[in-house]
Structure formats: C-alpha cells, structure tokens
Number of protein chains: 4
Amino acid sequence: MEFNNNIPIYLQIIDNIKQDIVVGKLKAGQKMPSVRELAGTLKVNPNTIQRVYQELDREKITYTKRGMGTYVTEEEKTISSLKEELSKKIILNFVEGMNKLGFSNKEMINTLKEYL
Amino acid sequence: MEFNNNIPIYLQIIDNIKQDIVVGKLKAGQKMPSVRELAGTLKVNPNTIQRVYQELDREKITYTKRGMGTYVTEEEKTISSLKEELSKKIILNFVEGMNKLGFSNKEMINTLKEYL
Amino acid sequence: MEFNNNIPIYLQIIDNIKQDIVVGKLKAGQKMPSVRELAGTLKVNPNTIQRVYQELDREKITYTKRGMGTYVTEEEKTISSLKEELSKKIILNFVEGMNKLGFSNKEMINTLKEYL
Amino acid sequence: MEFNNNIPIYLQIIDNIKQDIVVGKLKAGQKMPSVRELAGTLKVNPNTIQRVYQELDREKITYTKRGMGTYVTEEEKTISSLKEELSKKIILNFVEGMNKLGFSNKEMINTLKEYL
DNA sequence: GTGGTCTAGACCACA
DNA sequence: GTGGTCTAGACCACG
C-alpha cells in the first residue's frame, strides 16, 4: 500500500479499515491482525498501528481485549451508522466545495453525471 | 474569518482566495491587498500571508511586482482552468470516496439528490 | 560556511546541496541532516533550513517522510538531469552574456581558453 | 523590454546600458536620454532610472551635468576596461560554476563547444 | 527526535 | 509603502 504524504499515515490506515468494515471485507466480531503483524504488512512503525487501534477503539468501531487482540465491534448498528456517517461526510464535502465554487445544486449534479 | 484548526491557516487562506477568484469576487489583474494589510484584516502574522502569496505566485494565479504589490493574474485561461481543476478535485474525492464505500454510480447520484 | 550577502542564504544553501548531490558527495537515498542539525552546523535559523528542504522537496530532489527525516531522491534520473540542468544554465549565462558583449562564438572559446 | 522578475529592474537596465556602451551602440560622450524620457520608454518608475544613472555615475561610466543631462564618459579607457571587466565576470562565473559541478577544464570547454 | 506551522518582530531592497 | 528574508522561539503532529 502506498501512502499519500500529505495526510497522516495513521488516518489513511483508519480510513481503509473503516472502508473494509463498511463493505464487509471485515465482518462484525472478526479478529483484527495484531499490531506487530499489521505494522509488518504495511511496513509502518508499530506505534502508528497502535494509534490506529486506539482511535478505532475510541470510536467504538473496534474493541480490544487485553492479551487477546483487537476485534471489530459486534454491534451491527455501529457498522451501519458508520456507513451513513462516512458517506454523509463525503457528500457534505462535495456539496460545500461545489457551492463555494459557485455551482448551483443543478449544476453540480449535471457536472457529476458528466464526469461519470 | 475563522480557521479550521486542523488545516494550516495558510492553506485555508489560499483556498479562500482561489474561490474568490473563481467566483469573480477577485477579478483578473486586480490588485490584492498588501501583505501587511491582509495580515491585519485576517489577524494573522504577515509571514503567513507572505507564504500565501508566494504559493499563489508559484501557481501563476497571482503575480508580484517588486515594491508594487501582488496582482491577480491577467490570464483568463489560468482562471478558468483553476475552476476546472478545483471542481475536478472535489468531484474526484466524491466519486472515489463513495466508490470505496461500495456505492455504484447510480446509487451515489441518488444519494446526492436525496441530500439536496 | 560563509554566505554571500547579496543572495538569500536559503538559495545559497540549496545550491550547495544540489552541487553536493551532483558531484556525489550526497548519494541517492541518503538521509540528509535533520533541520535542526543542519541549522546548527550552518549557524542559521531552523526556519531557513526548513525552507531549503521544502524547496528541494518541491523540485523532487529530496523527499521527506513525516517524523522520519529528509532524504536524497532515489531516482538517479532526477540527479543526472539535475546536473544537466545546472550546467545548461551556467553555459547559457556564459554564451548569452558574451554574446551581448559582442563576442563571436570563436572569440568566446578563445577568451575562455586564454583564461584557463 | 521585458524584465526578469527575479533581478532588480535597475540592475537589468544598468546591465543593458553597459552592454550598449561596450558594443558601441552608445558612444563616448554621447548624451543619454533624460530620466523622464527613459522612464517613459521603458515604462518604469522615474525613481528607478534615477538610481540607474546615479549608479552609472558612481562607476564613472557616465557623468551628469546639472541641468544638462547625463552623458557617456569620454574616457575610452573606462569603456575598454568596462568590456574586460564584464567579460571577466562572466568567464569567472562560468568557470567557478562548472568547477563546482565537477567539470574539469577540458570537460567544460568540450561541453561548451558541444553546445555552440 | 523529526518535520510543519505560526507568531513576533526586525532589517533590507525596491519602486 | 511594498514584498523578501531572516532570526528567535514556540507549539504541534507524527513515527
């Protein structure tokens, strides 16, 4: 995996994991790789993964059992609201951004269709 | 003006100026406020504005005449391509982001319409 | 190191680093000194070095890994084209300058040989 | 005439005048255009031309008679040594620059010949 | 420890 | 008055 140098690596990893959960690549209750393992796979500093899991735990997206590892939450509700939350953020970015550039609602839909 | 704490101030100012140019609030050839003046208005350090103008100059969006001040480019072409570039970036963010969340093209347009 | 007072220090440092890379004193992929370290060595403000590295990064001559440091590019191509670019600039200065003084091509080569 | 934005305009004008003198476009004793006239022709601030003449006067390349205007020096010696001085400077730049890039004397002559 | 940003304030060259 | 550079020093995010 390649990282965009302008965005903190740990945020990029968090985003990827969230996406994997949303699309079902990571399932509810599933065990995540260990800190060291994931650090090795992604070739990043273990501290960075540590921070990733810590943040995901804080958002209740994962939970960590001492000495057992980190697991995807079992609350399906959290997962489905995660999808909503992420898409809302993306949509908001889009609408606000286009608005600031002077696009009306109609124009932005048309421009989007054109692009696709 | 208020600044988002997570994004460097100078980048936010750059973005704002670009938007002002794109929507015509700042016109081609128009004189920009002086470094010190804008710094005073926005209540930031002159160095920060210096950096803003320097970056805009580098992108040919403005040009600076020694001892005279900084001006919006007179190339209408640069301005229109700026609008394209900015909107492209926003659209790309949207499409890629939604894609990664598992939205098909149709779904993302529908979700967008729903939101508006 | 001593600085020419008429040229910005950061430009002089940039030039020196480029020369060190071109002549192989700094090798591809090699770690550069940290901002603070180089600032200490050259007895300039860390901000000045910051600017140096930023500019070199922008020209793809170095790259910076967050929290890790700044490194000479690993692209040998970039380095060799850097040498070309720098020498081209010097030659152009010479030829154009001598031309403007009324030297023919033959004359300028002879005058140069004489000098050496 | 177009000015390079990175070099002070007054220096560029000085250089041009010196070149004109060296190649004989401006002759010994000849009257230079008035400050206002030259400023008009070059579309620069009269202050800038003022400084140009002041500097040329200081280098004894021109002399100014109060209320009469500015004239090219009548000392042919000054003019011929001007040519030497300017070409020396150009040659020195070339040789030192190429040296720093690791070119030997032979190499720099060959590269130069190749270019021409 | 590393780079990135920002403030405060100074001095200079330029037009 | 204008931009350009530099210092001094602080604080933060990142790995």
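What you are looking at is a predicted structure, and each value in this text was computed from that prediction instead of being measured. Basis for what follows: all heavy atoms, side chains included, without hydrogens, waters or symmetry-related copies. Within every chain, numbering begins at 1; the chains are lettered A, B, ... in the order of the sequence lines, protein sequences first and strands thereafter.
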5'-most by nearest nucleotide on DNA chain E - C:Lys65 or B:Lys43:
C:Lys65

Return the value, rounded to whole Å, for the distance between atom [atom1] of [X] and atom [atom2] of [N].
X	N	atom1	atom2	answer
C:Phe3	F:dC6	CZ	C1'	12 Å
D:Ile9	F:dG3	CD1	C1'	13 Å
B:Gln50	E:dT7	CD	C1'	15 Å
B:Arg58	F:dG3	CZ	P	19 Å
B:Gln54	F:dG3	CD	P	13 Å
D:Gln12	E:dA13	CD	C1'	14 Å
A:Asn4	F:dC14	CG	P	13 Å
A:Leu11	F:dA13	CG	P	11 Å

Think [X] has a side-chain N or O under 4.0 angstrom from the OP1 or OP2 of [N]?
X	N	value
B:Ser34	F:dT2	yes
C:Thr48	F:dT7	yes
C:Thr70	E:dT2	no
A:Tyr10	F:dC14	yes

Using the salt bridge (Lys or Arg N to Asp or Glu O under 4.0 Å) rule, collect all pairs that involve residues 20-33 of chain C, keeping only residues at least two apart or in two chains.
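Of all non-adjacent pairs touching residues 20-33 of chain C, those that pass salt bridge (Lys or Arg N to Asp or Glu O under 4.0 Å) are C:Asp20-C:Lys25.
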
How is [X] classified with respect to the nucleic acid when contacts are heavy atoms under 4.0 Å: base, sugar-phosphate, or nothing?
X	answer
C:Val44	sugar-phosphate
B:Arg36	base
D:Asn45	sugar-phosphate

Heavy-atom distance under 4.5 Å between the side chains of B:Ile14 and B:Leu56, does that happen here?
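A side-chain contact under 4.5 Å exists here.
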
B:Arg66 side chain: which of E:dA15, E:dT2, F:dT7 is closest?
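Nucleotide nearest to B:Arg66's side chain: E:dA15.
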
Pairing partner of F:dC6 (Watson-Crick or G-U wobble, both distances under 3.5 Å):
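E:dG9 is the nucleotide pairing with F:dC6.
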
In terms of the nearest nucleotide of DNA chain F, which residue is placed more toward the 5' end: B:Met32 or C:Pro8?
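The answer here is B:Met32.
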
Between the side chain of C:Gln12 and the main-chain N/O of C:Asn4, is any donor-acceptor distance below 3.5 Å?
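Between the backbone of C:Asn4 and the side chain of C:Gln12 there is a qualifying donor-acceptor contact (under 3.5 Å).
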
B:Gln30, CD atom: more than 12 neighbouring heavy atoms under 6.0 Å
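Buried by this count: over 12 neighbours within 6.0 Å.
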
Only one of C:Asp57, C:Thr73, C:Thr78 forms a side chain to side chain donor-acceptor pair (under 3.5 Å) with C:Thr62, so which one is it?
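One option only clears the test, and that one is C:Asp57.
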
Is any side-chain N or O of B:Asn47 under 3.5 Å from a base N or O of F:dC6, one able to act as donor and the other as acceptor?
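Answer yes: a donor N or O sits under 3.5 Å from an acceptor.
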
